[in-house]
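Every number for a ligand or one of its atoms is a count from 1 in the order of the listing.
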Amino acid sequence: MSEYYKSDVDKEKAPIYEALLAYRRSKQRSFHVPGHKNGQVYYQWMQQTEVVEDAPTEHSNRVVPVRTYLEMMEMDVTEITGTDDLHHPEGVILEAQELAAECFGAEESFFLVGGSTAGNLSLLLTVCDEPGSIILVQRNVHKSVIHGLMLAGARAVFLEPWVDPGSGLAVMPSLETIQAAVQKYPEAKGVFVTLPNYYGMGTDLTPIAGVCHEAGMPLLVDEAHGAHYGQHPELPVSALSCGADGVVQSTHKMLAAFTMGAMLHIQGPRLNRALLRQRLAMVQSSSPSYPVMASLDLSRRLLHVHGAEIFTAGLAAVKAFKRGLAELPRFQLLQPSGGLQREPQCGEQIPAAMPGRTGYTAQDPFKVVIYDDNGVLSGYGLQQQLEAYGCVPEMSDERYVVLLFSLGSTMQDAEQLLEALRHINTVCASEQSPLSSGVSPEPIRQRYPATYVSTWNNIQADHQLSEPVTFSLQPIKEEDTREVPIESCSGYRAAEMVIPYPPGIPLVYPGEQITQKVAKQIKVLRDAGAKFHGISDHTNRTLKVMKHEE
Ligand SMILES: Cc1ncc(COP(=O)(O)O)c(C=O)c1O
C-alpha cells in the first residue's frame with residue numbers, strides 16, 4: 001500500500017460503484033439518457049419471443065444481447081441526481097477521486113474514461129499553454145503524445161532514448177541528455193518521459209525529477225504501463241514517489257479497471273490545475289461511462305483494502321512460470337544485464353557499468369519478455385505458435401514476445417503457457433520453411449548481432465537532442481504529397497505518421513525526414529507482418545510523402 005495511506009479515510013467505500021448499485025435498486029423510471037433505458041429496450045424484445053441464451057440463429061437472439069451484457073446495461077447510468085458529474089465533481093466522483101489520490105500517493109487524482117490517451121493529451125495541452133511552447137520530449141513516445149503536441153501547437157525538442165545494449169531496446173533518455181536539454185532550453189515548459197516502456201523496463205526517476213525541478217520545470221510521466229508500481233515491495237517504484245509532477249496511468253492495463261479506465265495523478269505546485277481541468281473537459285466526453293468510472297473505483301478499493309496482498313497470487317504465478325522456463329533454456333528471459341540495481345542519486349558517482357544514470361535497472365516482474373535463443377523463431381513466429389496453443393501474448397517484435405501477467409493471473413495460466421512452450425520446443429526444434437510457420441528466415445542471432453537495435457526504435461545516433469520541431473493541426477495539402485513505394489521512401493519528408501501497433505510509437509511523424517535507416521526499419525516491419533496505424537495505404541505497399549521541393 002502507498003506510503004501516503006491515511007487511516008481516517010473510508011477506503012472500503014467505492015462511492016461510484018455504490019451509487020450505481022443504489023440506482024439499480026431504486027427501479028426509478030428513466031426519462032433521461034441513455035436511450036436503452038437500463039437495457040429495457042432489449043428486455044422488451046426478449047419478452048416478445050422466448051430467447052435462448054447464446055443461440056445466434058434464433059430470430060430474437062439476433063437483436064437481443066446475452067444476459068450478462070444486459071445486466072451491465074442496468075448500471076449504465078448518466079449524470080442524474082446522486083451520480084455526480086466528472087467535469088464538476090461534488091459528490092461520489094469527487095469522493096472516489098480523493099480516495100484514489102490517497103491510495104496512489106497523489107495530491108489530486110482525475111479519473112479518465114478515454115485511457116491514458118486522454119491524460120497525455122490534457123497534460124500536454126496544460127503545460128504547452130500557448131502555441132510555440134517548447135517542451136522536452138522523449139522521442140520514443142506513444143502516438144497520443146505526438147497528437148498532444150499537434151493539438152497544443154507545441155515545439156518539441158526530442159530527446160534520444162538510451163538503448164539497453166543487452167536487449168537492443170530503447171528505454172528513456174539518460175540523465176545527461178535531460179540535463180543538457182534543460183540547460184540548452186531553459187524556457188522549456190516541461191519534460192515529458194515514458195516509463196516503464198512496453199517491455200516493463202525502467203528505472204528510478206528521482207534524479208531526473210531533481211534535474212527538472214532545479215530547472216523549474218515539471219516532470220510529466222506517461223506511466224501507462226505502471227499503474228501497479230510502488231504497491232508491492234517486489235514492484236518498481238512509482239513515478240509519483242520519485243517526485244514526478246503529473247503522472248498518467250492506464251488502470252485498465254496493469255490493474256483491474258475496464259478498458260479505457262485510467263487515472264491522472266498530480267502533485268506539487270508546478271502544474272496549473274485550473275487549466276488542467278479545462279483541458280480534461282476538452283478531451284473527455286461530457287457523458288463519461290459510469291461503468292468505466294466505477295471500475296476505477298473498484299480497482300482502487302481492491303488495492304486500498306488489501307494492499308500488497310492483491311499481487312500475491314499473480315506474482316506466485318509469474319514465479320512458477322519463470323521456474324518452469326528455467327528448465328527450457330531455449331527460451332530466454334529479458335533481464336537487465338547488470339542485474340536489477342538502485343539508480344544513483346543526483347550527484348552520486350555513476351557505477352562504471354552504467355552508461356548513464358538511467359536506462360534499465362528495474363524490470364516489471366509481471367512483464368515477462370522472452371525470446372528463442374536458438375534463433376529459430378522470431379518474436380512474431382513465437383507469438384503465432386503460442387496463440388495456436390491458446391496462449392495470447394500482449395505483443396511481439398522481431399525478437400521478443402511480451403507475456404503480460406497481472407494480479408489476475410493464475411497458476412493454471414502459468415502452467416498452460418509452460419505447456420505451450422514445451423510443445424513449441426519440440427515441434428519447432430529446427431529451422432523450418434520460413435514464412436508459412438512464422439519461423440524466422442534466418443537465425444535471429446545472425447540477423448540481429450551484438451549491435452542489434454530493435455526496429456521500434458527511431459534512434460538518431462548522431463544527436464541526443466533534436467532542434468525544436470514545430471507541430472500543428474494544419475493538414476498537409478494533398479497536392480503537396482505523393483505516394484511512393486516503401487522501398488524508395490528514404491530521403492522524403494513523411495506526409496503521414498508510421499506507427500507500428502503495438503507498441504504505438506511513431507517511427508516518423510508528418511514532416512519528418514525519412515532516413516535510410518528508418519525506411520529500412522519500416523520495410524523490415526512491414527515484411528515481418530507488423531500492423532501499422534497512420535499509413536493510408538492499407539496494403540502497406542506505399543507511403544504518403546511530401547513532394548520534393550523543386
Ligand atoms: C506508453 C503508452 N502510453 C499511452 C498509451 C495509451 O493508453 P490508453 O490505451 O490507455 O489510451 C499506451 C497504449 O498502449 C502506451 O503504450
Side-chain angles (χ1 to χ4, degrees), residues 100 104 109-125 137-151 158-159 161 169-173 191-203 205 219-229 236 238-239 244 246-265 279-280 283-285 288-289 292-293 295-296 299 360 362 364 366-367 369 392-397 400 402-404 406 454 456-458 497 499-507 509 530-534:
F104 290 92
S109 295
F110 298 89
F111 283 3
L112 304 170
V113 289
S116 286
T117 297
N120 286 342
L121 295 180
S122 40
L123 268 184
L124 285 162
L125 286 167
V137 188
Q138 174 178 334
R139 176 61 183 87
N140 52 329
V141 283
H142 184 257
K143 64 176 183 170
S144 56
V145 177
I146 303 291
H147 290 151
L149 297 172
M150 287 176 171
L151 286 169
F158 284 116
L159 315 182
L169 294 168
V171 187
M172 62 168 292
V191 173
F192 194 111
V193 299
T194 301
L195 210 73
N197 68 6
Y198 218 117
Y199 300 80
M201 302 158 80
T203 193
L205 282 170
L219 173 63
L220 313 174
V221 184
D222 176 352
E223 197 175 30
H225 296 273
H228 55 317
Y229 274 25
S238 69
V247 178
V248 177
Q249 295 179 335
S250 288
T251 321
H252 68 94
K253 289 192 199 294
M254 296 303 293
L255 285 175
F258 275 152
T259 296
M260 289 180 103
M263 294 190 198
L264 168 57
H265 303 296
R279 298 323 200 204
L280 282 165
V283 303
Q284 299 218 91
S285 168
S289 159
V292 169
M293 291 192 286
S295 77
L296 289 169
S299 202
Y360 182 28
D364 181 352
F366 284 124
K367 288 277 179 79
V369 183
V392 183
E394 166 68 10
M395 179 184 79
S396 58
D397 64 20
Y400 301 104
V402 180
L403 301 158
L404 190 155
S406 80
S454 163
W456 301 145
N457 303 335
N458 180 9
M497 277 212 247
I499 313 165
Y501 215 98
I505 300 170
L507 278 176
Y509 48 80
K531 293 191 177 65
F532 289 94
H533 287 184

S.K.: Considering only protein heavy atoms, which is closest to atom 16 (O) of ligand 1, and at what distance to one decimal place?
M.R.: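 Protein heavy atom with the smallest distance to atom 16 (O) of ligand 1: H225 NE2, 2.7 Å.
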S.K.: What protein heavy atom lies closest to atom 11 (O) of ligand 1? Include the residue and the distance to one decimal.
M.R.: T117 OG1, 2.6 Å
S.K.: Can you pull out the closest protein heavy atom to atom 4 (C) of ligand 1? Residue, atom name and distance to 0.1 Å, please.
M.R.: D222 OD2, 3.3 Å
S.K.: Is it the side chain (CB and beyond), the backbone, both or neither of K253 that lies under 4.0 Å from ligand 1, heavy atoms counted?
M.R.: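 K253 to ligand 1: side-chain contact only, backbone stays beyond 4.0 Å.
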S.K.: Note the single closest protein heavy atom to atom 6 (C) of ligand 1, along with its residue, its atom name and the distance in Å.
M.R.: H142 CE1, 3.4 Å
S.K.: Any nitrogen or oxygen of S116 lying under 3.5 Å from a nitrogen or oxygen in ligand 1? Just yes or no.
M.R.: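 Yes, at least one N or O pair falls under 3.5 Å.
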S.K.: Quick one: do the T259 and H252 side chains pair a donor with an acceptor below 3.5 Å?
M.R.: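 No, no side-chain donor-acceptor contact under 3.5 Å.
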S.K.: Distance under 4.0 Å to a non-hydrogen atom of A224: what atoms of ligand 1 satisfy this?
M.R.: 2 (C), 3 (N), 4 (C)
S.K.: Should N140 and M172 be marked as a side chain to side chain contact (heavy atoms under 4.5 Å, CB included) after you check the CA-CA gap, both sets of side-chain angles, and the distance that decides it?
M.R.: CA-CA 8 Å; N140 52 329; M172 62 168 292; 5.8 Å; no
S.K.: List ligand 1 atoms under 4.0 Å from H252, heavy atoms only on the residue side.
M.R.: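 Selected atoms, number and element: 8 (P), 9 (O), 10 (O).
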S.K.: If you take all heavy atoms of A224 and S116, which pair is closest and at what distance?
M.R.: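 Shortest heavy-atom separation between A224 and S116 comes out as CB-OG, 3.6 Å.
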S.K.: For S250, take its heavy atoms, then give the atoms of ligand 1 lying under 4.0 Å from any of them.
M.R.: 7 (O), 8 (P), 10 (O)
S.K.: Tell me which part of N120 gets within contact of ligand 1: side chain, backbone, both or neither, using heavy atoms under 4.0 Å.
M.R.: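 Side chain only; the backbone of N120 stays clear of ligand 1.
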S.K.: Are F158 and Y509 close enough that their ring centers fall under 6.0 Å?
M.R.: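 For F158 and Y509, the ring centres are under 6.0 Å apart.
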S.K.: Under a plain distance cut-off of 3.5 Å, with no hydrogens placed, do E394 and Y198 share a side-chain donor-acceptor pair?
M.R.: yes
S.K.: Any idea which atoms of ligand 1 are less than 4.0 Å away from a heavy-atom of T194?
M.R.: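 So the atoms of ligand 1 that pass are 1 (C).
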S.K.: What is the minimum heavy-atom distance between I505 and P500, and which atoms define it?
M.R.: O-CD, 3.4 Å
S.K.: Return the orientation label for the H228 and F366 ring planes: parallel under 30°, perpendicular over 60°, tilted otherwise.
M.R.: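 The arrangement is tilted - the two ring planes meet at 30° to 60°.
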S.K.: Judged by modelled atom types alone, do N120 and H147 share a side-chain donor-acceptor pair under 3.5 Å?
M.R.: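 No donor-acceptor contact under 3.5 Å links the two side chains.
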